[in-house]
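When a ligand or atom number is given, it counts from 1 through the structure's own listing order.
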Amino acid sequence: MTAILVTGADLAPQAVKLLEGHELVYAGKTPTEDDLVALCRAHDPVAIIVRYGKVGAAVMDAAPSLKVISKHGSGTDTIDKVAAKARGIEVVAAVGANAAAVAEQALALLLACAKSVVALDARMHAGHWDKATHKSLELGGRTIGLVGLGAIGLRFARMADALGMRVLGFDPYAKNLPAHVQAADLATLWAESDVISLHCPLTDENRGLLDADTLARCKRGVIVVNTARGGLIDEEALLAALRSGQVSMAGLDSFAIEPMTAGHPFQGEKNIVLSPHIGGVTSDAYVNMGVGAAKNLLQVLARQTAASC
Ligand SMILES: NC(=O)c1ccc[n+]([C@@H]2O[C@H](COP(=O)([O-])OP(=O)(O)OC[C@H]3O[C@@H](n4cnc5c(N)ncnc54)[C@H](O)[C@@H]3O)[C@@H](O)[C@H]2O)c1
């Protein structure tokens, strides 16, 4: 029986069923590289399903039979794709499996920012009635700039369109955009957007995309939403822009270092709405991601077996 290593504590029962006939080895919720190397040495898996932790060259080298690394979700930035390619190991992702969940989280963060949901809730629980002093932001008629127009970006674009927003999008690789998304270069997107929302993968090309320079080119009072990856934003620069009013509000689900530790400068900032990277964490997405990851790796194994016959 060949082994499949799961860098997590569990998989949806539907995914487990698809993988019947393989030994499933679970690494737990916080696997270190050493843990994964040890499990690879002990079980020599043909596939790894990546939920938590990083899979780099050392892990791959500890599993001589490894053929495929399958992401339980869409972001593959925790997998060393260069090392995998050099070793002939395929990397696949369950793109779209959590798109609805993450797009809804982006919408929740956007509305929380524009309508001050969190701050007003706290004020009311403390006995205040701020009707005379508070004004929310109306999103209809305003411009949103989306960076990345894949499964999540396009789904969020539909939601923004339904709110009556003008939708600008930057994605150097996207083709055939829907009519409600206007392609824009980054300079235009920064200059014209009232809201900027990130939906691209984190790569060496776009690390720190929103930094002091690009934030200064944005409209004063812009709202920033990030459900993609924390590394896309220079967090110090964002904090400075929030304190100066250049950015009015930020809704963040992803952070440069996760989990966020006590004392992080974002904590206690009144104009930041935070969520702990739970955009893709719904019970529906959990099943979809598990099933997607299982199907993707089985396809690779079947193709490789057929090719070797
Ligand atoms: N918060 C969460 O829980 C959560 C869950 C899933 C995914 N994500 C993040 O969201 C990202 C998008 O996910 P998806 O499912 O839409 O992936 P996707 O692959 O469907 O779409 C990504 C899009 O980004 C584009 N892109 C690549 N490089 C770009 C660049 N430099 N500038 C602009 N666009 C670029 C690609 O062409 C693609 O269209 C993932 O990479 C991941 O980082 C977060």
Side-chain angles (χ1 to χ4, degrees), residues 8 29 49-52 54 69-79 81 91-110 112 144-160 167-178 181-190 193 196-211 214 224-233 250-260 273-293 296:
K29 277 194 176 169
I49 294 181
V50 180
R51 291 196 62 190
Y52 307 110
K54 292 189 176 170
I69 300 173
S70 185
K71 177 67 203 249
H72 190 276
S74 60
T76 53
D77 51 299
T78 53
I79 301 166
K81 293 185 279 298
V91 176
V92 285
V95 173
N98 51 15
V102 183
E104 287 170 16
Q105 183 69 15
L107 180 64
L109 289 170
L110 171 56
I144 187 166
L146 305 176
V147 181
L149 296 166
I152 298 168
L154 285 179
R155 195 148 183 135
F156 191 40
R158 288 216 307 269
M159 296 176 181
V167 183
L168 300 181
F170 171 77
D171 186 327
Y173 313 103
K175 296 189 181 88
N176 305 323
L177 293 182
V181 180
Q182 189 184 322
D185 57 27
L186 276 179
T188 307
L189 192 141
W190 302 143
S193 299
I196 289 166
S197 190
L198 304 180
H199 301 286
C200 55
L202 175 64
T203 63
D204 289 339
E205 154 197 33
N206 63 15
R207 192 174 298 278
L209 179 70
L210 266 188
D211 60 7
T214 43
V224 172
V225 175
N226 187 13
T227 56
R229 286 292 181 265
L232 293 165
I233 295 181
L252 307 173
D253 188 52
S254 311
F255 307 91
I257 296 171
E258 297 181 1
M260 181 185 275
V273 180
L274 301 167
S275 60
H277 203 143
I278 43 77
V281 185
T282 64
S283 35
D284 296 316
Y286 171 68
V287 173
N288 291 339
M289 289 189 288
V291 167
N296 287 342

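The backbone N or O of L209 sits less than 3.5 Å from a side-chain atom of T214, completing a donor-acceptor pair. Not a single donor-acceptor pair under 3.5 Å links the side chain of N296 to the backbone N or O of A293. The closest donor-acceptor contact from the side chain of D204 to the backbone of R207 lies at 3.5 Å or more, if one exists at all.
Taking every heavy atom of both residues into account, I144 and S197 meet most closely at CD1-CB, 4.5 Å.
Sorted by chain then number, the residues whose non-hydrogen atoms approach ligand 1 to under 4.0 Å are S74, G75, V95, N98, V102, V147, G148, L149, G150, A151, I152, F170, D171, P172, Y173, H199, C200, P201, E205, N206, T227, A228, R229, D253, H277, G279, G280.
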In a table with atom names and distances, give each donor-acceptor pair under 3.5 Å that connects a side chain of residues 169-178 to protein atoms at least two apart or in another chain.
residue, atom, partner, partner atom, Å
D171, OD1, Y173, N, 2.9
D171, OD1, A174, N, 3.1
D171, OD2, L149, N, 2.8
Y173, OH, E205, OE2, 3.4

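Looking only at atom types and distance, the side chain of D253 has a donor-acceptor partner in the side chain of S275 under 3.5 Å away.
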